[in-house]
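A short write-up of the structure that comes next.
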2 protein chains.
Amino acid sequence: MKVTASQIRQDLNNFGGFGQQGYGYNVQFLYEEIGKIMGLNTEHRIIIIGAGNLGQALANYVKFEKLGFVITALFDVNPELSGKSVRGIPILMLSELDEYCRTHRVDIAALTMPKSKADSIASKLVDLGIRAIWNFAHVDLEIPNKDVVVESVHLSDSLMQLSYNIVKNSKNK
Amino acid sequence: MKVTASQIRQDLNNFGGFGQQGYGYNVQFLYEEIGKIMGLNTEHRIIIIGAGNLGQALANYVKFEKLGFVITALFDVNPELSGKSVRGIPILMLSELDEYCRTHRVDIAALTMPKSKADSIASKLVDLGIRAIWNFAHVDLEIPNKDVVVESVHLSDSLMQLSYNIVKNSKNK
DNA sequence: TAGATTGTTAATCGATTAACAATC
DNA sequence: TAGATTGTTAATCGATTAACAATC
């Protein structure tokens, strides 16, 4: 993993002592403790706003569930998608969002709609009490509420990083 | 951007002097020079392996083209997709990959297929001469060739980061 | 000349690594 | 007791910030 043993020990000790000097780490115990630190010991319920290709791709990712992230619903404005579902997860209309959030626990909202709508929907979600946003729209969301956690996935940043590494790589010859 | 002026000057001077003391930076010139550093001054041709939801979502992203990244084809094994296209970009069969790579320039291959196939296709792409891989499969690709650049997008990492920030945020109260 | 802005060296800060003590 | 492994302090390294010289 390109990390020294020393760094592992330093990092773990930031959170506490999980091993026994002279004896070692209990791998199962350590794994669970790291999970607790990262919040993976509790279930996270996710709704996806935007049931286009990206939203549906996320809904199809089974691996998330193994980590405790359960996608409970998708929302879209396209009436043709109404009543349909992805892997058993219902696609609802955006007009049903308010009602849904009042009657269901929602821990995380994933934003996969066009960026023009991202800011307005984000502030609506915050008003509805959602405190975590997983943002795939190509904008830096403006959310004044400090209690709201935002994690953005900017794919074009990743592509530019790849491009830069191509440049670097070609210069090494 | 949460960066000091001093840091900007240091970082820019790593690559050269782009401004004029006492006068300032020419924004247009600086923008272009940064683009050259990142390799955004040349066109990058991308093929996408896996025409599922994620592959099609990438093909629909218009913004990439503004940065010089042009998606030229998608590949899949599903015969139902044969002959179809996404935003004018043709979906080809994986069996056509060899022929395609021999007759077209390909700068980057984006991998959006299930992880079980990722490693074998990645090594095939390297054999075909592709030197940059944008990996969306949930694996750390094993590519011995040092000349091949790999950029991975691990969505579950991003989700775990979000989860950790939720934990941190809730403790600050 | 005075003010403003970049380039570059020096100082500071934080993270990584090394060393060793504590413990099995 | 000897060997092995974690916890923790100290040393090192690199990145960020501050200071100031150079220039318009």
Side-chain angles (χ1 to χ4, degrees), chain A residues 1-41 140-143 146 149-154 156-173, chain B residues 1-41 140-143 146 149-154 156-173:
Chain A
M1 287 170 65
K2 291 177 184 172
V3 185
T4 62
S6 200
Q7 194 171 349
I8 295 279
R9 295 205 298 281
Q10 284 283 13
D11 288 353
L12 289 179
N13 269 68
N14 248 315
F15 296 101
F18 302 110
Q20 196 82 8
Q21 284 173 323
Y23 184 75
Y25 295 102
N26 178 323
V27 173
Q28 176 68 26
F29 173 76
L30 183 61
Y31 183 87
E32 283 167 14
E33 289 299 310
I34 292 172
K36 283 182 195 169
I37 290 166
M38 298 202 294
L40 302 178
N41 56 327
D140 287 315
L141 294 176
E142 307 235 342
I143 296 175
K146 292 274 184 184
V149 176
V150 178
E151 170 78 15
S152 287
V153 178
H154 290 318
S156 44
D157 288 3
S158 170
L159 248 192
M160 289 189 276
Q161 178 74 51
L162 177 59
S163 175
Y164 175 63
N165 287 335
I166 292 171
V167 173
K168 269 204 304 185
N169 195 262
S170 63
K171 280 185 182 168
N172 286 345
K173 289 171 192 171
Chain B
M1 287 170 68
K2 292 176 183 172
V3 184
T4 61
S6 198
Q7 194 170 350
I8 294 278
R9 296 205 298 280
Q10 284 281 16
D11 289 353
L12 289 180
N13 269 69
N14 247 314
F15 296 100
F18 302 109
Q20 196 81 6
Q21 285 174 324
Y23 182 78
Y25 294 102
N26 178 323
V27 173
Q28 176 70 23
F29 173 75
L30 183 60
Y31 183 87
E32 282 167 13
E33 288 300 309
I34 292 173
K36 282 182 197 168
I37 291 167
M38 298 202 295
L40 302 179
N41 56 327
D140 288 315
L141 293 177
E142 308 235 343
I143 296 176
K146 293 274 182 186
V149 176
V150 177
E151 171 78 15
S152 288
V153 178
H154 290 320
S156 45
D157 288 4
S158 170
L159 204 41
M160 288 191 276
Q161 177 75 51
L162 177 58
S163 174
Y164 176 62
N165 286 336
I166 293 171
V167 173
K168 271 204 305 187
N169 196 263
S170 64
K171 279 185 180 166
N172 287 344
K173 287 172 190 168

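Just so it is clear: chains get the letters A, B, ... in the order the sequence lines come, proteins before strands, and each one is counted from 1.
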Does B:Gln10 make a side-chain donor-acceptor contact with the base of C:dT6, cut-off 3.5 Å?
no
Between atom CE in A:Met1 and atom C1' in C:dT17, what is the gap in whole Å?
17 Å
In the structure shown, which nucleotide is the Watson-Crick or G-U wobble counterpart of C:dC24, with both distances under 3.5 Å?
D:dG3
Distance, nearest 0.5 Å, that separates CD of B:Gln161 from OG of B:Ser156:
12.5 Å
Under 4.0 angstrom, heavy atoms only, what part of the nucleic acid is B:Ser6 near: base, sugar-phosphate, or nothing?
base
Strand partner of D:dA18, provided both Watson-Crick or wobble distances fall under 3.5 Å:
C:dT9
A:Gln20 side chain: which of C:dC24, C:dT8, D:dC24 is closest?
C:dC24
What is the distance, to the nearest angstrom, from the CG atom on B:Asn26 to the P atom on C:dT5?
16 Å
Audit row: A:Tyr164, B:Val149, side chain to side chain contact (heavy atoms under 4.5 Å, CB included) steps and yes/no
CA-CA 10 Å; A:Tyr164 175 63; B:Val149 176; over 6 Å; no
Expressed in angstrom and rounded to an integer, what is the separation of B:Asn14 atom CG from C:dT9 atom P?
13 Å
Rounded to the nearest 0.5 Å, what separates atom CG in B:Asn41 from atom CD in B:Glu33?
9.0 Å
Could one point to a donor on the side chain of A:Gln21 or the base of D:dT6 with an acceptor on the other under 3.5 Å away?
yes
Given atom CD1 of A:Ile8 and atom C1' of D:dT5, what is their separation to the nearest angstrom?
14 Å
B:Arg9 side chain, from C-beta outward: closest of D:dC20, C:dA19, C:dC24
D:dC20
Nearest-angstrom distance from the residue atom CG of B:Leu12 to C1' of C:dT6
10 Å
Whether B:Tyr25 contacts D:dC24 is assessed here as follows: a side-chain N or O lying under 4.0 Å from the phosphate OP1 or OP2. Is that the case?
no
Non-hydrogen side-chain atoms of A:Leu141 and A:Ser152 separated by less than 4.5 Å:
no
For A:Gln7 and A:Gly22, take the nucleotide of DNA chain C holding the closest heavy atom to each; which residue's nucleotide lies nearer the 5' end?
A:Gln7
Nearest-nucleotide pick for B:Asn13, side chain only, options being C:dT8, D:dT8, D:dT9:
C:dT8
Are the side chains of B:Ile34 and B:Phe18 in contact, using a 4.5 Å heavy-atom criterion?
no
How many Å lie between CG on B:Asp11 and P on D:dT16, as a whole number?
7 Å
